[in-house]
Amino acid sequence: MAARKTTAKPNVSADELKSYYKDMLLIRRFEEKAGQLYGMGLIGGFCHLYIGQEAVVVGLEAAAEEGDKRITSYRDHGHMLACGMDPGGVMAELTGRIGGLSKGKGGSMHMFSKEKHFYGGHGIVGAQVPLGAGLAFSDKYKGNGRVTFTYFGDGAANQGQVYETFNMAALWDLPVVFVIENNQYAMGTAQNRSTSTPELYTRGEAFGIKGEVVDGMDVLAVKAAGEKAVKHCRAGKGPYILEIKTYRYRGHSMSDPAKYRTREEVQKMREERDPIDHVRDLLLTGKHATEDDLKAIDKEIKAVVSAAADFSRESPEPPLEELWTDIYADA
Ligand SMILES: Cc1ncc(C[n+]2csc(CCOP(=O)(O)OP(=O)(O)O)c2C)c(N)n1
Ligand SMILES: [Mg+2]
């Protein structure tokens, strides 16, 4: 990806820009804190950080309306924060405490929110794709005008169940936006080593599904593409594919030896393409905010994240009896 030229006058209000800045910064600082807690041994099991990819969820949430649904993979903390789930509840789930969104029994990959229409958190690569189409099927059946954002990775895009889902979603004109978060790697495998046709946005062509490629380091580009996709779905025209080109700065998970790419590659992306720095530049060069305004936002976000971290350490571990609850649906 080429270095970006900052446009001083984007077609967006100062308040909107500030809210994207805040939302992305919350994810960044939250994930950094989660990384620290993991290093201190307070988080067990798997933990996949989203740092670098923040503009994807924040841009798409800006295109969503109340009642729209979202479902994603195990790299899910950013999605939860972006749709308004409580940072304390997410962090306490990471530390396995009763105050966590799954009462400390699910961990990083298994959190849900009925209220925010967030359907997980799925550890099996690609498993959320047919489930996302199922959610869209239910909305279509009810005729409620809602859309489901079904997120998956570039690695998952090579899975068979994705294509069975594309077929059914197109056949039934389901209101689902398939969001391929192409961060260029699937664990330690670069896309060019695993993928015969790298233009993932064309993968729906055989089923008659339109798609487009989007700069995932530019929150405004993501929002614009999201709005177009959502409009298509709400008009009853069926599914839409967005291949969003992004990049993860951290390893696949906390236990990644990171031998498959150079430090320089990561550093270059951070320096030239960072999605948060981009909005920061837009705010400053457009005179929508001063350095002091941004410092105040940074302080506010830090306070939210440190309160979440405190809660995640103070909340007790679930009592043993909790092992037998939430197993079966209420009769
Ligand atoms: C069915 C299945 N196969 C393999 C794995 C192991 N696995 C976990 S994540 C992953 C890579 C997925 O990469 P991608 O879809 O690009 O998502 P990203 O991690 O980059 O967000 C693999 C192979 C799994 N969890 N499930
Ligand atoms: Mg990937």
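Counting convention: from 1, in listed order, for ligands and their atoms alike. The first residue of the sequence shown is numbered 1, and numbering continues consecutively from there.
- Contacts with ligand 1 closer than 4.0 Å are made by no heavy atom of His48, backbone or side chain.
- Counted by atom type alone, Tyr50 and Glu181 present one or more donor-acceptor pairs between their side chains at under 3.5 Å.
- Each of Glu93, His77, His48 was checked for a side chain to side chain donor-acceptor pair (under 3.5 Å) with Ser108, and the lone residue meeting it is His77.
- Residue Ala186 places no N or O, backbone or side chain, under 3.5 Å from any N or O of ligand 1.
- Checked by distance only, ligand 1 and Arg75 come closer than 3.5 Å through their nitrogen or oxygen atoms.
- Residue-ligand proximity, Ile124 to ligand 1, at heavy-atom distances under 4.0 Å covers atoms 1 (C), 26 (N).
- For the Mg ion (ligand 2), protein N/O/S neighbours under 2.8 Å (waters excluded) are Asp154 OD1, Asn183 OD1, Tyr185 O.
- Protein heavy atom in closest approach to atom 22 (C) of ligand 1: Met187 SD, 3.3 Å.
- Within ligand 1, counting atoms from 1 as listed, the ones closer than 4.0 Å to a heavy atom of Gly153 are 14 (P), 15 (O), 16 (O), 17 (O).
- A distance-only check finds no donor-acceptor pair linking the side chain of Asp274 to the backbone of Glu271 [under 3.5 Å].
- Heavy atoms of His252 found under 4.0 angstrom from ligand 1 belong exclusively to the side chain.
- Some N or O of Asp154 is nearer than 3.5 Å to an N or O of ligand 1, by distance alone.
- For the residue pair Thr148 and Thr150, no side-chain donor N or O sits within less than 3.5 Å of a side-chain acceptor on the partner.
- Both the sub-6.0 Å distance and the 45° axial angle are not jointly satisfied by Arg273 relative to the ring of Tyr247.
- The closest protein non-hydrogen atom to atom 14 (P) of ligand 1 is Gly155 N, 3.5 Å.
- Atom CZ of Arg234 has more than 12 neighbouring heavy atoms from other residues, nucleotides or ligands inside a 6.0 Å radius.
- Nearest protein heavy-atom contact of atom 25 (N) of ligand 1 is Gly123 O, 3.0 Å.
- Contact check on Lys237 versus Asp173 returns no salt bridge, with no Lys/Arg side-chain nitrogen under 4.0 Å from an Asp/Glu carboxylate oxygen.
- Between the side chains of Arg203 and Thr197, at least one donor N or O lies within less than 3.5 Å of an accepting N or O.
- Nearest-residue assignment for atom 19 (O) of ligand 1 (options Tyr74, Tyr151, Tyr50, Phe46; heavy-atom criterion): Tyr74.
- No salt bridge links Arg29 with Glu300; every basic N to acidic carboxylate O contact stays at or beyond 4.0 Å.
- Nearest protein neighbour of atom 15 (O) of ligand 1, counting heavy atoms only, is Ala156 N, 2.8 Å.
- A salt bridge is absent between Glu31 and Arg250: the closest approach of a Lys/Arg side-chain nitrogen to an acidic carboxylate oxygen does not fall below 4.0 angstrom.
- With no hydrogens or angles considered, no side-chain donor-acceptor pair links Asp154 and Gln184 at under 3.5 Å.
- Applying the 4.0 Å criterion to heavy atoms of Gln159 picks out, from ligand 1, the atoms 1 (C).
- Regarding atom 24 (C) of ligand 1, its nearest protein heavy-atom neighbour is Val125 CG2, 3.4 Å.
- The pair Lys223-Glu16 counts as a salt bridge, with a side-chain nitrogen and a carboxylate oxygen less than 4.0 angstrom apart.
- Listed by chain and residue number, nothing satisfies the salt bridge (Lys or Arg N to Asp or Glu O under 4.0 Å) test with Lys210 (two or more places apart in sequence, or in another chain).
- Set against the non-hydrogen atoms of Asn183, the atoms of ligand 1 under 4.0 Å away are 18 (P), 20 (O), 21 (O).
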